[in-house]
> 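To start, I am sharing the structure in question, which I have written as structure tokens.
To find a chain, count down the sequence lines: A is the first, B the second, and so on, and within it residues start at 1. Only a predicted model underlies this, so the values are computations on that prediction, with no experimental measurement involved.
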Amino acid sequence: MANLDTLSARQVAAGIAAGDFSATEVARAALDAISARDGQTQAFLQVSEELALSAAAATDAARAAGQALAPLAGVPVAFKDNMNLLGTRTTCASRMLEPYESAYTATCVQRMLDAGVTPLGKLNMDEFAFGSTTDSSAFHPTNNPWDVARVPGGSSGGSAAAVAAGEVTIALGSDTGGSIRQPASLCGVVGMKPTYGAVSRYGVVAFGSSLDQVGPMGRRVEDVALAMNALTAGGHDRFDSTSQNCDQDYLAHLDDSIEGRRVGVIPALLQAEGLTPEVRAAMRQAADGLAAAGAVIVEVDLPNMANSIAAYYVLAPCEAFSNLARFDGVRYGYQEPGCATLAEQSSLSRAHGFGAEAKRRQMLGAYLLSSGIYERYYLAAQKVRTLITADYQRAFGQVDVILMPASPTVAWEHGAISDPAALYLADVFTISNNIAGNCGISVPVCLGADSGLPIGAQLQGPAFADAQLLTFARALERSCGMEGSVAPAFAGKGGELR
Amino acid sequence: MKKLAEVLRDWEAVIGLEVHTELTTLETKMFCNCRLSHDDDPNANVCPICLGMPGALPVPNEKAIESIVMAGIATNCEVMRHSMFYRKHYFYPDMAKNFQTTQGPVAFVMHGHLDLEVSGQGAKERPDSTVEKAQDGSYVASIRILRIHMEEDAAKMNHVGGAEGRIGGASESLIDYNRCGTPLIELVTEPDLRTPEEARLFMEKLRQTFLTLGISDCSLESGSMRCDGNISLRRRGETRFGTKTEMKNINSLKSLHDALEYEICRQAEVLEEGGIVYQETRHWEPSRRRTVVMRVKETADDYRMYPDPDLAPFDLSDEFVERCRARVPELPDAKRDRYVATWGLRRSDATQLAGDPAVARFFEDAADVTGAKVVPTLANVMVNLVPSFKALTVAQVASISSLLAADAITFAQAREVLEVVDGTEGDPERVVDERGMRQSTDTDALGAIVDEVLGRCTAQVQQYRDGNRKVLGFLVGQCMKASKGSGNPKMFNQLLAQRLEA
Amino acid sequence: MALTREDVAGIADYARIALTDAELDEMTAYMNDAVELLDPILEYDLDDVEPTFHPIGELVNVVRDDIVAPGLPLEEALANAGSRQGRYFRVPAILADGGAA
């Protein structure tokens, strides 16, 4: 029988529909893979065995009753732990929310469940999504399946690692400044940040509300496209005022030719400080691959992109301060015991519930929003956002997508970078995409010539051109031959369908 | 302390109001589908959104936005096509998110006004000549409205363990989030009010306007309408503003007047003694008829306002605004003018009837029954009789008005009949007949009674003829008594006069 | 215009984040470094540029109908609360002992 490592989401669903194996067998195989592999990756914060088995049983019952199966029926999926799912805790990898039982289910999670998936649990992340290593999780770090001494990236590091290690077929992550694309690149998986508004944010614990976007991660572009179908099914979510109708079949044009289509590159970006030679080489390989598939490579410029880091580190902390104000230990979350006054209880609950980076970001935001400072920074940053958006609009007048790295380096060792500001600067390739609200995707290109670790290439597309972006991603995937790769150290460990 | 009249001769009071009104007539909260709470058990109407659960997002209630636009149109405001919601941050658990969703520099509606007709005793509060006064001392004050913005109400906190549920001395506080997220509109006036009476009239008119729109039950007692007053004094002739205090806990129109009156006199005393008025929030204690300090504002609060990224901006269409305009019913001023023009009512009666939409509807329904001729009598009944009864029907009031207009019963008898039928479906005509109240207008029958009375009251007849016309009243009374109340007093009056003058 | 330790303590007080003395020193250093990172924003001439508060294109007037939907049952609403009393969420005294207001 097959191992889940080698099956695409479509093959899992088709196998269940055909009776090759049952959803319960798939769920047990996934649980088996997790128990064999997660000790090494530490990708999971909770494994929801009961939910998984009952969802799988429902799928099997539906099949037995002769009902048509949903498109992702029985596919093993897990969720970043900032997504509410009834029956699980939603901790955001924070002491603050350690005891918090989800009071409801997020729309993105529900839509995956509606598409028939088997929910395996909740995945590790940087605390409240503040970070790019997953080391700031209050519970434990997550290890990169390609080298467990290294970080998986972040903040959706648990999602990337679980997919890369073959613990699940698809994981959902969230991306505020690169938190899906960067760990996808570092773990050698496909990670997509859809257009802002394409996927509902309802039920996803907010970090930067105008930047956050949920997206799928998988080992194949096709799996990610299938997940996009599920996430956008039903169109606009009436519980998210900023969500828009992006319901379409993302598989329909996946294998369209890109002959004559235009791919932008930004030469100056490849000279960026800190960009390693192997990443630069990988970008050349990606461009060559797309050109070989018939695409025309065109030089474009995003003149304000370098300043997107400054704009982001105004907008994101301000919105984070505001969004995290609700965590005061009154209605839910960590409550400092034995306090005589409310102010003491709030201040100590927040002091002891939040980790260092969460406190730093909120402090910075509280300062930047204060009277007199707001105009100088926040308002100005929102104007710079207008300029960055206009840059993209000009560039997308010339090209369909823009190719660039998702990370300037491959995965680094735990603790190798400790200065927060240095970590902030590594986000230069991903941040501007969130600022403009466009779509982006990281696709594995190769293993680095020097490190032997995976390197992804990022493609960015205009808002609401998510299907077109997937077409280019699929073309890139075909040219690179990394499709479906489970990290070698984990391949075949558990996960056997019996 | 000096009296208000004395103070206002030397000092000008500068008053602005902030009025919060809950949109109690809606079904659901501002940003979630929870039912609006009235007398529900604590935390019965809550959900992840209004509890600020992690990941929950707001979606605005369209009806609430229609309501605020209607409120703006009814108060002569400009509808601002482009506006946004903002987040206003302060850490206090009555706001589940530790920020309140409200509006920024641009509100849905701005720059309106209400015109107040100030007359009678109330007009005397304003001694200055900066307004044009009519001969009877009445005047019109136009009060500008800066803005009305949309926001969400806070939860109710019960402070326990201390005295009278006050926060000071309380050992803990219990939170009920039922009210949290209730749609709330905040109206801010320009500092155009000059007397407590003007402030009272403004609130009364605003309340009548909102009641007419049907957007709130506007109860000051229960707190669905709340009013804070900002007040400062300056010497007459001075153009700069003095330091203001803010007045809270005003739960009736009378409290508003009395609290402002007290505060004006208090501030005058402080200033005249060479003291300083501190910028502070003061609490009105109705039982002690005084204001006390709640908290001193040393620095302006920094609420770190910024546009709420979770809520799409608004760009109200012409169609939306016109739909709201079409839903604005006839407002009290227009209604009053129509009553005066159509039925020749006294302006003061018309004002009273037009103010409360429930009263106006009752009155107009009764007018449909009685016909135009009886309406002035009906208005009199509505103003002077109906308020003393619990539950009269339109038919009863119409009937009693018709009986009065036909001189079939006296006003005193009308009151007696209404006491019988109040709270029942009873027919006033039947009560009149059963009790033999119907006054006779038969000249011959009444003439006989008059002759009998004149025959026995010779002393009074002589007094009348000697020039004491007042004695006529006594004689009418004797006639009424002799007729056991069934004679029409007006007819007796005429017949007596005819015979005595003959 | 560097942020002083006192400035940072004031912000921490406002943001309800209790900091130890050592944390306050670290936070002050961090905040000044972080603010320096933002300098590029200050170099723009933005007088004629409109802000983009919402990266949602032309999307406006997103509203919902005024229709009641069931909320959370009481026990679920209170399930995550650290302190409750009966049907209420509970917090300690708002004011310290002897506080008058």
> Taking every heavy-atom pair that is under 4.5 Å apart, which of T389(A), L387(A), I309(A), L348(A) has the most such pairs with chain C?
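Ranked by heavy-atom pairs under 4.5 Å with chain C, first place is L387(A).
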> Contact part of E101(A) toward chain C, heavy-atom cut-off under 4.5 Å: side chain, backbone, both or neither?
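For E101(A), the contact with chain C is made by backbone and side chain together.
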> Between L46(C) and chain A, which part of the residue has a heavy atom less than 4.5 Å away: side chain, backbone, both or neither?
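Both backbone and side chain.
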> Given the options E50(C), R64(C), E76(C), which has more heavy-atom pairs under 4.5 Å with chain A than any of the others?
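Among E50(C), R64(C), E76(C), the one with the most close pairs to chain A is E50(C).
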> Are T195(A) and D466(A) close enough that a side-chain donor and a side-chain acceptor fall under 3.5 Å?
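D466(A) and T195(A) do have a side-chain donor-acceptor pair below 3.5 Å.
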> Where does A381(A) contact chain C at under 4.5 Å (heavy atoms): side chain, backbone, both or neither?
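Backbone plus side chain of A381(A), per the 4.5 Å heavy-atom cut-off to chain C.
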> At a heavy-atom distance under 4.5 Å, which candidate from P92(C), S83(C), G82(C) has the highest pair count against chain A?
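Of P92(C), S83(C), G82(C), P92(C) has the most heavy-atom pairs under 4.5 Å with chain A.
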> Under a 3.5 Å threshold, yes or no: a donor from one side chain and an acceptor from the other, between N433(A) and Y392(A)?
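Y392(A) and N433(A) do not have a side-chain donor-acceptor pair below 3.5 Å.
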> So what's closer than 4.5 Å to chain C heavy atoms on Q382(A): side chain, backbone, both or neither?
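When you check distances to chain C, atoms from both the backbone and side chain of Q382(A) fall under 4.5 Å.
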> What orientation do F321(A) and Y14(C) show, parallel under 30°, tilted 30 to 60°, or perpendicular over 60°?
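The rings of F321(A) and Y14(C) sit tilted, inter-plane angle from 30° to 60°.
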> If you count heavy-atom pairs within less than 4.5 Å of chain C, which of Q345(A), K383(A), R385(A) leads?
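Winner by heavy-atom pair count: K383(A).
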> Is it true that D328(A) and R331(A) have a side-chain N and a carboxylate O under 4.0 angstrom from each other?
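Counted as a salt bridge, because a side-chain N and a carboxylate O are separated by less than 4.0 Å.
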> Give a yes or no on whether the ring-centroid distance for F128(A) and F327(A) is below 6.0 angstrom.
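That pair passes the under 6.0 Å test.
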> Atom CZ of residue position R84(C) - does it have more than 12 heavy atoms of other residues, nucleotides or ligands inside 6.0 Å?
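Yes, because the 6.0 Å sphere around CZ of R84(C) holds more than 12 heavy atoms from other groups.
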> Is E26(C) close to chain A through its backbone or its side chain, or both, or neither, when contacts mean heavy atoms under 4.5 Å?
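E26(C) has no heavy atom closer than 4.5 Å to chain A.
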> Identify which one of D237(A), T242(A), D212(A) satisfies the side-chain hydrogen bond (donor to acceptor under 3.5 Å, both in side chains) criterion when paired with R201(A).
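Of D237(A), T242(A), D212(A), side-chain hydrogen bond (donor to acceptor under 3.5 Å, both in side chains) with R201(A) is met by T242(A) alone.
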> Which atoms of I435(A) are under 4.5 Å from chain C, going by heavy atoms: the side chain, the backbone, both sets, or neither?
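Backbone only.
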> Which one wins on heavy-atom pair count under 4.5 Å against chain A: I41(C), D13(C), V63(C), T20(C)?
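When all of I41(C), D13(C), V63(C), T20(C) are compared, I41(C) has the most.
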> Under a 4.5 Å heavy-atom cutoff, which of A12(C), G10(C), G57(C), A79(C) has the most pairs with chain A?
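Top option by heavy-atom pairs under 4.5 Å: A12(C).
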> Which class fits the ring pair Y202(A) and Y104(A): parallel under 30°, tilted 30 to 60°, perpendicular over 60°?
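Y202(A) vs Y104(A) ring planes: tilted.
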> Are a donor atom and an acceptor atom from the side chains of D7(C) and Y367(A) found within less than 3.5 Å of each other?
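There is no such pair (donor and acceptor under 3.5 Å, judged by atom type) between the side chains of D7(C) and Y367(A).
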> Of the listed residues (L42(C), I56(C), L37(C), D33(C)), which shares the most heavy-atom pairs with chain A below a 4.5 Å separation?
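It is L42(C).
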> Please work out whether the ring planes of F53(C) and Y378(A) are parallel, tilted or perpendicular, with thresholds of 30° and 60°.
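Parallel.
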> Please classify the contact of Q244(A) with chain C as side chain, backbone, both or neither, using a heavy-atom distance under 4.5 Å.
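Contact with chain C involves the side chain of Q244(A) alone.
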> Heavy-atom pairs under 4.5 Å with chain A: which of L72(C), V91(C), I11(C), L19(C) has the most?
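Going by pairs under 4.5 Å, I would pick I11(C).
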> With chain C as the partner, which of A340(A), G197(A), G437(A) has the greatest number of non-hydrogen pairs under 4.5 Å?
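With the most close heavy-atom pairs to chain C, the winner is A340(A).
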> Please state whether the side chain, the backbone, both or neither of S243(A) comes within less than 4.5 Å of a heavy atom of chain C.
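Interface part for S243(A): backbone (N, CA, C, O).
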> Are the ring centres of F354(A) and Y334(A) closer than 6.0 Å?
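Between F354(A) and Y334(A), the centre distance exceeds or equals 6.0 Å.
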> Count the heavy-atom pairs under 4.5 Å between each of H352(A), H236(A), K359(A), Q362(A) and chain C, then report the option with the highest count.
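Of the options given, most contacts go to K359(A).
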